[in-house]
Amino acid sequence: MSEYYLFQDQDNCIGCLSCQIHCKASKGLGPGPLPNQVITVGPKMVHGLPRAAFIYMPCFHCQRPWCVSACPTGAMQKRSDGIVFVDESLCVGCKSCMLACPWGAPQWNPATRKVVKCDYCMDRLDQGLQPACVTNCTTKCLHFGTPDEIPNLKRTRYAKKVAFEKDEDPAPRAPSRGWQEMGKGHIDQSQAKAERVHGTPLPRKVAKKRTN
Amino acid sequence: MEKIYSICGMCTVRCPIEVTVENGEVVRIEGSPHAGLDGSLCPRGGAGLALLNDHERPQYPMIRVGERGEGKWRQATWDEALTYVADKLMEVTNKYGKRSVLFSDRGGPFADLHKAFMKGLGSPNYCNHDASCARNVQHAAKSFMGMGRKGVSYDLGNARHVILQTRNIFEAINVSEVKNLIKAMNNGCKLTVIDIRATITASKADNFFLIRPGTDYAFNLAVINLLIQKGLYDQDYVKKHFKDFDHLVSFVQPYTAEWAAEECGIDARALESFVEQLAAAAPSVLWHPGWNTARYKNSFYVSRTAYIINGLLGSIGAKGGLPITMKAKDAGAKGLKALADLFPKPEEKRADGVGWKYKRFDGGPGLLHLAFKAIETGKPYPIKAYICFRHDPLMAFPDPEATKKILDKLDLLVSITFSWSDTAWYADVVLPLSTYLERESIIAHKGGLKPFFFVRQRAVHPRYQSKSEWDIFCSLARLLNIDALGNFKSIEDIWKYQLEGTGYTPEDFKATGQVKLTSEPIYADMDNYKFGTPSGKLEIISEVLEKEGIPSLPPYESPAAPPDGKFRIAFGRCALHTQGHTVNNLLLNEVMPVNPVWIHKDRAAELGISDGDTVEVSADGYSATTKAYVTDMVHPEVAFMVHGFGHKLPVESRAFGKGVADQELMKGGIEVWDQAGGAVAMQEHFVSIRKAS
């Protein structure tokens, strides 16, 4: 993997596709290629409430990228910081990388008849900026940084959810988004939401235990 | 590289932006860091470059040579086109009087220039788009609080419970509002959505009520009933600020939770629990009175009861609720000098009857569909020239064919626009407006908890032969001998005039595009606050309404069910498009080229329609095809579509022939309007759907 981590906080994502459009605008792309894409699933009923998932799909910048191995011309490369990118001047449009990638990250650009892909906006990174999708995200649900920065965000969010709900409320009437409602056998939104956050499995287990 | 602080123009929210420019080209567009957006911008904002570079927009002035709507034009120079317009305006005003000119725009903070132009011309007939948008909310606010809807702000960031009814906040995006609500929700604020379908906003909600279309008023009456019956309302606040509370108590008596549950198709216990949640969060509760409420014949009362509920919870004026909007003077600053004040108020009555025939309506922007009536009938006097600025009434109002027949009575129809539109295509003269990236606007004032001045600054030189609005109107003013406006030779001249006496100069806007008038939010002292109503209180019974035979709160009437096999039409927004004017945008069209029709799965099954099928939607002689979106997340009576599709102009190759133009499914819709609130009622129509062969 690259040195970086692009984390999408699904709780705060509204599936507006701003990331998709800003990416294309930033790369000057016309119709066709989508270096990143949000796939909306739903809305459907989850525990009595409509819920939608917004699955964010950029390039994952693999540790051993199959696209790089598959590229016959050396156009697909990996930088020292792990970013996988295409050197367009070397790309001959053979599409080997598109076949090799299990995630559909390399995209065909009909305007150049070459491949284009998410490169974490390395031109922007080199200017001290963040990727376009992250900077312009409507809700700031996309976070870009090093992997060690991200778990903190999830843990803090989780701790807030199960404990008292408002920072500025010194004596809350009840920890309303947490234990009390679970104890009543009522599955509330905090659980439904937490289940959708990657890597936060605890609420599901707790809910099962407490609702029997 | 240079950074220009300006204002987005991809929709009418007008978010503050930072435009990075290099060698005269836009490099990137981001939400302004000086206005709390910190880069954030919606997808339409991201597609601004595609608008700037689009060759499929009006590039030069055009004068019609064929029949209206035939699409035959000749290219004209600006001198020629403006002289043509000025001569025609002279001809019309000489023959029919100055009052015979009509103007419409899409409202907003820069309208002062348009009002000035119309006053300079001597016509009282300035209108905006709002009769097909939020007029019912405006008039509901006035009838209850004695001030317009913008007299209160939405303090989303500090709210503890937000209720959205006819406001799809996560799809009809105002970036700042979205960010504030997300922030509040991350701090524990609850979100309740009342809608006829599960929107993206509903998919984030803590409570969701999927109600039968047209029953919002029933829902709200039951909420009021519960708040009163259970003693959950703010008694001190009501005592201090309400007039005729006793009337409200007796009026809502029959409207119980059980009754509303039956009427709206919801669970009575869920309603009761919701009302208890409201009381627990009061007064930091924000029950949104709605945005585009031009939907039902009783939409006015939905907004009015929403305001009443906010009042009962003590949230009008409260932090985290609907605090009173502060203006420049409240921050100890002097307001902008209005361009409209350069001219005396025209003495003539408005052609739409607002202010004299209809005293309950707000004279400012009038009611455009009633102005159309004046064009059609010549009463109270003839309207013979019509200027549409950045406004497409043929798409915005129902039944464009009927409206075209009305427009045929005009001697002059001018469209000033940066994108093609049905109205531009039907016009006699098209004047190409620069996009928001190429033009400056006048300075504007934004009220709120922290009032400020802001301005749109030009980021790049105009492409093609487009011009800024100040340039167009000041040039026209010179040709028409409207000296006070014609004397402005540059935007700086106008800015200097506007800022006279404020102590600020145009230079002060360079660095951030804004001048902040206070650093801290200002909340009104509600203990000593007097509302703008005749009694100074929140009025359950409004004399202004009652005098015109309009009940302050009418008994509830159940909406009609669709005739056999039909659906009630419903429309709305999505994050990717701004009604019709972005549908041809290269980047946005790619992601959303058509507007699928939402159909309930049981109804779809009856019709043999599966998800993704091509279907034909029709009513009264109009039909168009689109994709079916089959779901159990929409009320079975409803056919929902995003508005703005079904374009038929050959100059828009990407949008051409794609999707359904919902306004064409509303035959006779220009005559169907909410008598209390004034707006057209666009969901009072029924359509048929069948699988396309």
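Within every chain, numbering begins at 1; the chains are lettered A, B, ... in the order of the sequence lines, protein sequences first and strands thereafter. The structure displayed is predicted, hence computed values, not measured ones.
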At a heavy-atom separation under 4.5 Å, does A50(B) approach chain A through its side chain, its backbone, both, or neither?
neither

Part of S26(A) within contact of chain B (heavy atom distance under 4.5 Å):
neither

Kindly compute the distance separating CZ (F208(B)) from CZ (R51(A)), expressed to the nearest 0.5 Å.
10.5 Å

Might you confirm whether atom NZ of K27(A) has over 12 heavy atoms from other residues, nucleotides or ligands at distances under 6.0 Å?
yes

Please report the shortest heavy-atom distance between K179(B) and K140(A), naming the atom on each side.
NZ-CG, 3.4 Å

Distance col, row L29(A):CG vs L587(B):CG, nearest 0.5 angstrom, shows 8.5 Å

Can you tell if the side chain of E590(B) reaches within under 4.5 Å of the side chain of K24(A), non-hydrogen atoms only?
yes

Atom OG1 of T201(B) and atom CD1 of I14(A): how far apart are they, to the nearest 0.5 Å?
7.5 Å

Take atom NZ in K44(A); do more than 12 heavy atoms of anything else shown fall under 6.0 Å from it?
no

Working to the nearest 0.5 Å, report the span between CG of D11(A) and CD1 of I182(B).
9.0 Å

Which atom names give the shortest non-hydrogen contact between A198(B) and P43(A), and what distance separates them?
O-CG, 3.6 Å

Taking every heavy atom of L129(A) against every heavy atom of R28(B), the minimum-distance pair comes out as CD1-NH2, 3.4 Å

Between F54(A) and I200(B), is a side-chain contact (heavy atoms from CB on, under 4.5 Å) present by the stated rule, with each step listed?
CA-CA 10 Å; F54(A) 309 106; I200(B) 294 294; 3.7 Å; yes

dist K204(B):NZ -> T139(A):OG1 (nearest 0.5 Å) comes out at 8.0 Å

So for Q20(A), is it side chain, backbone, both, or neither that comes closer than 4.5 Å to the heavy atoms of chain B?
side chain

Closest contact, heavy atoms only, Q127(A) versus M1(B)
OE1-CE, 4.2 Å

Could you tell me which portion of C16(A) (side chain, backbone, both or neither) has an atom closer than 4.5 angstrom to a non-hydrogen atom of chain B?
both

Find the one option among G15(A), C13(A), A132(A) whose heavy-atom pairs under 4.5 Å with chain B are most numerous.
C13(A)

Closest contact, heavy atoms only, H22(A) versus I29(B)
CE1-O, 3.8 Å

Heavy atom to heavy atom, less than 4.5 Å: which residues from residues 30-49 of chain B reach chain A?
E30(B), L37(B), D38(B), G39(B), S40(B), L41(B), C42(B), P43(B), G45(B), G46(B), A47(B), L49(B)

For chain B, which of C137(A), G30(A), P31(A) has the most heavy-atom pairs under 4.5 Å?
P31(A)

Residue pair G42(A) / Y629(B): nearest heavy atoms and the distance that separates them:
O-OH, 3.8 Å

